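Just so it is clear, the model here is predicted, and its values are computed rather than measured. Keep in mind that the numbers below use all heavy atoms, side chains included, and drop hydrogens, waters and symmetry copies. All residue numbers refer to positions in the sequence shown, counting from 1.
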Amino acid sequence: MRLLSYMMCVLLLWSGSISADDKTDGLYSTARLECVDSNGVRRSLSAGLKKLEDGAWRLTLGQQQMRDTSSSDFIEVKIPACEAQEGEDGYFITTTSAIGTFRLDNGRFESSRNYYTFFGMKTPRATWVAIVKGLKQEFDFVAEAKGGKYEVFPRIQLKRMGFGPYEDFIVDVYPLPQKATYADMAKKYRAYQLGRGEVVPLRERIKDNPKLERMTKSVLCRAAHGSKPIPQNKDGKRIATDYTLETELPMRLHATCAQVTESIRLLKSMGCDHIDFHEVGWNIRGHDGRYPQLFPVEPAIGGEAALRQTIKTAKELGYNISPHVNHTDAYRIADCWSEDVIAKNKDGTLMDVGCWAGGKAYTPCPEAIFDRFVKNDYDKLKGLGFNGLHHVDVISAISPRECHDPRHPLNRQQWGEAYLKIMKYAHDVFGGFTSECGFDHVAKHLDFAFYINHKSRVAPMLDRYIPVWQIVYHGIIVTGPPIFEDTGWGLKKSPDYEIGRLRQAEFGGKPVFYGGWTDPLKIENLKKVKAVYDEYQPMSYLQLEFMEDHKELSDDVYLTVYGDGSEVVTNYTDTPFEYRGKKIAAKDFSLYGSGSCDKARN
């Protein structure tokens with residue numbers, strides 16, 4: 001049987017090759033397909049790529065072709081252009097907005113968490129970008145070095161597809177001019193997304209959406225009202241426990257509605273006119289309390305009457321204010337708990353993602369909860385008076401999953417579409433949608449991403465994060481700081497406050513305060529918000545511009561260029577740096593722009 005599968009693989013994994021016209025075409029016209037089984041046994045096959053009118057080289061693996069390789073766990077797709085040697089000039093960019101240079105003898109980076117579905121490489125021989133256009137949710141990005149030889153490629157995860165292949169795998173490889181950079185790779189993908197109508201520039205969308213226009217100018221202040229501790233043992237390991245009303249851990253109160261209301265008034269009196277507010281942990285038992293149950297409003301923060309007063313005050317002062325909710329966790333303690341809406345694993349068991357504050361966190365099927373919870377809850381939230389763009393946690397920060405419940409089965413592509421259905425409904429009810437991160441299977445209806453990467457530390461195979469995601473989506477989707485750890489903005493103890501400020505300038509984000517500002521007695525914190533607000537306002541116009549280039553001018557000094565010609569130079573060093581006749585102070589940045597006055601703090 002294994003031999004038969006192998007022979008079928010040899011015969012069928014062929015997409016219609018054309019002969020290479022020259023040495024350059026030879027880097028793209030064929031692919032080596034490595035079929036790997038559960039024992040690690042590899043079978044290497046050869047397949048041809050077809051040259052398209054737009055200049056791409058396309059590899060197509062049909063659904064039946066992949067089914068006929070059922071003995072393989074995965075298929076790695078490698079073209080000659082994907083190779084490099086240790087010590088060579090050049091780099092590769094990942095699907096996680098990071099860059100790696102060819103400096104290791106051995107190493108591997110692989111990711112199933114693809115923020116977007118392209119990657120690229122620059123070597124002395126070739127510069128290219130590959131865009132996965134079919135089975136986009138079913139591949140891992142891999143960069144591997146063995147004995148000084150690098151390879152960068154997609155790995156099609158056949159075994160992970162619980163329903164089997166549901167569409168052809170398609171990857172288009174675009175050769176780029178040898179002088180092209182990672183910015184050109186990202187812009188190629190941006191053109192693809194815009195050209196097929198998957199996304200629309202902010203400049204177009206704000207024409208009939210004043211809430212969205214205001215959001216581009218506004219600092220985000222998230223009010224953290226309350227949360228329960230995540231259950232852990234004495235060694236700090238999380239305990240996945242199904243809580244009851246009797247065993248539920250007590251909620252920690254962070255801020256009452258009255259405190260938030262007064263802080264909003266004070267910010268207005270300081271001249272902070274453009275702020276958006278998010279209410280977090282307002283729901284019963286706080287953040288991650290008893291999802292999918294939201295109501296009643298948590299009594300410890302003041303209950304519904306106090307929340308309505310906070311919302312009313314914010315609106316009267318000209319602000320937009322939104323609720324923070326969650327559709328990706330469910331806890332048995334909820335008064336609306338039902339196994340019927342929980343996603344099922346292939347063996348029929350309930351899907352879970354470990355443990356959060358509500359206890360063992362089960363995963364709702366997004367299709368199953370739409371009519372039962374989403375539509376009903378959104379009407380109630382609208383009734384409370386919320387007027388801002390709706391915020392749902394997590395949805396844009398995870399890869400799609402599968403549901404094997406026969407009543408609402410979803411493959412990964414359908415799972416992503418079910419999220420888009422929820423997001424579209426939020427647009428209809430609230431005028432827009434914001435979420436945690438920037439995974440672009442939901443880019444179509446995403447207006448704001450809280451951050452892009454969670455931590456600043458990268459894997460050993462990589463050098464650093466760079467604004468690849470931002471080059472694609474700046475001017476289309478607004479983001480906060482590029483790294484989650486930068487969202488405190490110095491209100492909490494953070495030795496990296498200055499670095500976070502610089503990263504935001506380099507990556508074109510807007511400031512986010514996650515708590516810490518909601519105690520009106522701590523006026524110094526509100527003054528810090530005001531200072532950050534004042535620094536951001538002259539730069540806020542950039543949110544409507546595409547990011548067109550990014551490069552390192554000198555060690556730890558970076559240039560970011562926008563579509564209107566504006567430039568931001570970010571100096572991470574301990575010494576001043578001169579650019580265009582102006583010195584930029586150590587650990588500072590400068591904006592040179594057509595839309596604002598040139599500025600630098602020195």
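Of the options F439, Y189, Y473, a ring-ring contact (aromatic ring centres under 6.0 Å, His included) to Y115 is made by F439 and by none of the others. Of the residues I156, V132, L49, the one that meets the side-chain contact (heavy atoms from CB on, under 4.5 Å) test with V77 is I156. The residue from F433, Y425, Y378 that alone fulfils the ring-ring contact (aromatic ring centres under 6.0 Å, His included) condition with H327 is Y378.
Between D393 and V280 the shortest side-chain heavy-atom distance does not fall below 4.5 Å. In this structure the side chain of T96 reaches within 4.5 angstrom of the side chain of F109, judged on heavy atoms. Looking at heavy atoms from C-beta onward, L559 lies out of side-chain contact with D549 at the 4.5 angstrom threshold.
Not a single donor-acceptor pair under 3.5 Å links the side chain of T95 to the backbone N or O of N114. With D105 contributing its side chain and G148 its backbone, the two residues share a donor-acceptor pair below 3.5 Å.
Between the side chains of D486 and Q504, no donor N or O sits under 3.5 Å from an acceptor N or O. When only modelled atom types and interatomic distance are considered, E485 and S456 share a side-chain donor-acceptor pair under 3.5 Å. For the residue pair Q414 / Y166, no side-chain donor-acceptor distance below 3.5 Å is found, with atom types taken as modelled. Between the side chains of D54 and Y174, a donor-acceptor pair is found at a separation under 3.5 Å. In the model, T101 has a side-chain atom that pairs as donor or acceptor with a side-chain atom of D463 under 3.5 Å.
Close placement of the H550 and Y558 rings is indicated, their centers lying within 6.0 Å of each other.
The residues E367 and K421 are annotated as salt-bridged, a charged nitrogen and a carboxylate oxygen being separated by less than 4.0 angstrom. Between K424 and E417 no salt bridge is recorded (no basic side-chain N to carboxylate O distance below 4.0 Å). Contact check on R464 versus E552 returns no salt bridge, with no Lys/Arg side-chain nitrogen under 4.0 Å from an Asp/Glu carboxylate oxygen. Remark: E83 engages K149 in a salt bridge, criterion side-chain N to carboxylate O under 4.0 Å.
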Discussion item. Could you walk me through whether Y331 and Y362 satisfy the ring-ring contact (aromatic ring centres under 6.0 Å, His included) test, starting with their C-alpha distance in whole Å, then the side-chain angles of each, then the deciding distance to 0.1 Å, before giving a yes or no?
Written reply: CA-CA 6 Å; Y331 305 101; Y362 299 89; 8.1 Å; no

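Taking R203 as the reference, E545 meet the salt bridge (charged side-chain N to carboxylate O under 4.0 Å, His left out) condition, with sequence neighbours excluded.
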